[in-house]
Amino acid sequence: MAGPALALGLRRRGFAVTVVERAPSLRTGGYKVDVRGAGVTALKHLGVYERARAVDVGMKQITYVRRDGRPIAALPADLLMGRRGDDIEVLRGDLSEILYAETAADVEYVFGDAIASLHDGPDGVDVTFERGAARRFDYVVGADGLHSATRKLAGLQSGFGWRAGRSEGFGDVPPEHLGAYISIFSVPNHLRIDREEIMFFRPGRLVFAYAMGPHRPAQVGMVFASALLGHDRRDVAAQKALIKDAFAGMGWEADRFLASLDAAGDFYFDSLAQVGLPRWSSGRVGLLGDAAHCPSPASGQGTSLALVGAHVLGQHLGEPGGLEEYERLMRPYVDKNMAIGKKMAKDMVPGGRLAITFRSYGMRTLKYHPRKEQVIHKILAPMYEAANAIAI
Ligand SMILES: Cc1cc2nc3c(=O)[nH]c(=O)nc-3n(C[C@H](O)[C@H](O)[C@H](O)COP(=O)(O)OP(=O)(O)OC[C@H]3O[C@@H](n4cnc5c(N)ncnc54)[C@H](O)[C@@H]3O)c2cc1C
């Protein structure tokens, strides 16, 4: 998200931009993501809002189900999500493709490679790559996600700054694990789900599924509570085994979803985690999106933060003190959304049966509550305040 969005803003200002992506092709996986408040304004400034709105998922209903699939309660999505104004919800892959398509003609994309070393000198940043030839750039922006390698190479997590040849001793501050893991993958839509999100809770586990139509594939999410696991982040087979272990025999459609896991080409697995750094740039090297400030998928704000950051950085990069100004403008907004993300991660997976009963009871009674709109409005108010906590 963040890389192509920044490329879009910079290209308009006349920069020659190179985007380096480790994966062999564009990563179009993922569930539906919200773009709210300032995120919407950023999309408008970037000139792709209308295209994004055209692929809004158009969610109609959210349904909680029992082990045997019988509904516990169903509520209209508009009510429960409390969407406002021009806010949209799109498949992450669709938005990713829009940003890529908008930039592909005059931005250089290098797939299947990654930065191996950075050397910030007076005339630019000298970069070596794992595969390609060494090059020099005026600026390097790490938009490489939660586990950013650029962050580690630049040693920005130390807060003491970084200069050529002095990266040793800064250490690698890992993301803060928020007590759960999330996986997203697509499956055949055997349930014929049509713009409905179906959710099934067990103690410490959550399965959800969504599809944009009865003949479109379904996206499945599986979240389980766990202490930090020492697994290899590059070992997809091991991650799939973890998901199978956690969800086999859980009930509802979990086993059928798991049967499609090995065939899923868009498997995503990561910890619910946050990244908080004392600073986002040093010299000519900066960080953007999750690499700088991942609020965790539980926040529902990661995409908006990445888009707003891309827009703000796209306006300031290249100006004297531009990277510092980008951080000064973004910090209060990011801090508010990080706080929301931490709270939501705690609530995402119910701890025990009592919590599930309480949640189901809330869904059932809300349907008949005479002031249900106001109740939802109040619950979501802090999220909306955070989503709009920057003027751009
Ligand atoms: C496949 C996928 C599915 C996702 N699904 C969801 C979801 O369902 N719900 C949700 O809330 N969030 C999801 N996320 C995270 C979400 O996209 C981000 O939180 C948010 O959009 C911020 O975007 P970002 O560009 O900063 O990071 P990301 O979207 O994570 O993008 C980072 C990119 O950098 C690439 N990369 C990583 N390391 C390197 C490296 N060393 N060199 C070069 N490139 C590198 C990655 O392959 C990726 O394409 C997903 C991310 C990915 C990659």
Side-chain angles (χ1 to χ4, degrees), residues 1-8 18-36 39 42-43 57 89-97 99-100 109-118 127-132 140-154 175 180-186 197 208-210 219-223 233-234 236 239 264-275 280 286-310 313 334 337-338 341 344-345 348:
M1 293 295 179
L6 176 64
L8 190 49
T18 301
V19 179
V20 182
E21 164 62 55
R22 182 188 282 284
S25 58
L26 192 67
R27 296 186 68 190
T28 53
Y31 205 63
K32 53 193 176 56
V33 293
D34 292 289
V35 185
R36 296 189 189 92
L43 275 186
V57 294
E89 191 179 23
V90 292
L91 291 180
R92 180 192 171 281
D94 285 348
L95 188 53
S96 174
E97 273 174 359
L99 292 166
Y100 176 67
Y109 277 87
V110 178
F111 286 100
D113 207 348
I115 293 176
S117 75
L118 292 168
V127 179
T128 64
F129 292 94
E130 289 179 5
R131 300 176 66 177
V140 171
V141 177
D144 46 352
L146 174 60
H147 304 283
S148 170
T150 317
R151 188 171 69 220
K152 290 174 196 135
L153 288 170
Y181 284 83
I182 182 167
S183 175
I184 310 282
F185 53 98
S186 52
E197 179 159 51
F208 46 97
Y210 173 81
Q219 254 69 41
V220 165
M222 294 188 164
V223 185
R233 278 197 309 102
R234 297 271 163 80
V236 172
Q239 292 165 11
D266 58 354
F267 177 74
Y268 169 75
F269 179 90
D270 219 322
S271 70
L272 281 192
Q274 289 200 329
V275 169
W280 303 337
L287 295 174
L288 174 66
D290 279 2
H293 46 66
C294 176
S296 100
S299 74
Q301 277 291 95
T303 300
S304 290
L305 260 55
L307 293 170
V308 173
L313 184 55
V334 165
N337 285 286
M338 295 285 272
M344 285 186 155
M348 196 163 179

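Each ligand, and each atom within it, is numbered from 1 in the order the structure gives.
A side-chain N or O of Glu197 and one of Tyr31 form a donor-acceptor pair less than 3.5 Å apart. Side chains of Thr128 and Ser117: a donor-acceptor N/O pair is present below 3.5 angstrom, by distance only. A side-chain N or O of Asp144 and one of Thr150 form a donor-acceptor pair less than 3.5 Å apart. For Asn337 and His293, the side-chain atoms include no donor-acceptor pair closer than 3.5 Å.
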Output block, N or O contacts of ligand 1, threshold 3.5 Å exclusive:
from	atom 1	to	atom 2	distance (Å)
ligand 1	8 (O)	Tyr31	N	2.7
ligand 1	17 (O)	Arg92	NE	2.7
ligand 1	19 (O)	Asp290	OD1	3.3
ligand 1	19 (O)	Asp290	OD2	2.6
ligand 1	21 (O)	Thr303	OG1	3.3
ligand 1	25 (O)	Met1	N	3.2
ligand 1	25 (O)	Ala2	N	2.8
ligand 1	26 (O)	Asp290	N	2.8
ligand 1	29 (O)	Arg92	NH2	3.1
ligand 1	41 (N)	Arg22	NH2	3.4
ligand 1	44 (N)	Arg22	N	3.1
ligand 1	47 (O)	Glu21	OE2	2.6
ligand 1	47 (O)	Arg27	NH1	2.9
ligand 1	49 (O)	Glu21	OE1	2.6
ligand 1	49 (O)	Glu21	OE2	3.4

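The only member of Leu43, Asp34, Leu95 that meets side chain to side chain contact (heavy atoms under 4.5 Å, CB included) when paired with Thr303 is Leu95.
Salt-bridge formation is detected for the pair Glu130/Arg22: a Lys NZ or Arg NE/NH1/NH2 atom is positioned less than 4.0 Å from an Asp or Glu carboxylate oxygen.
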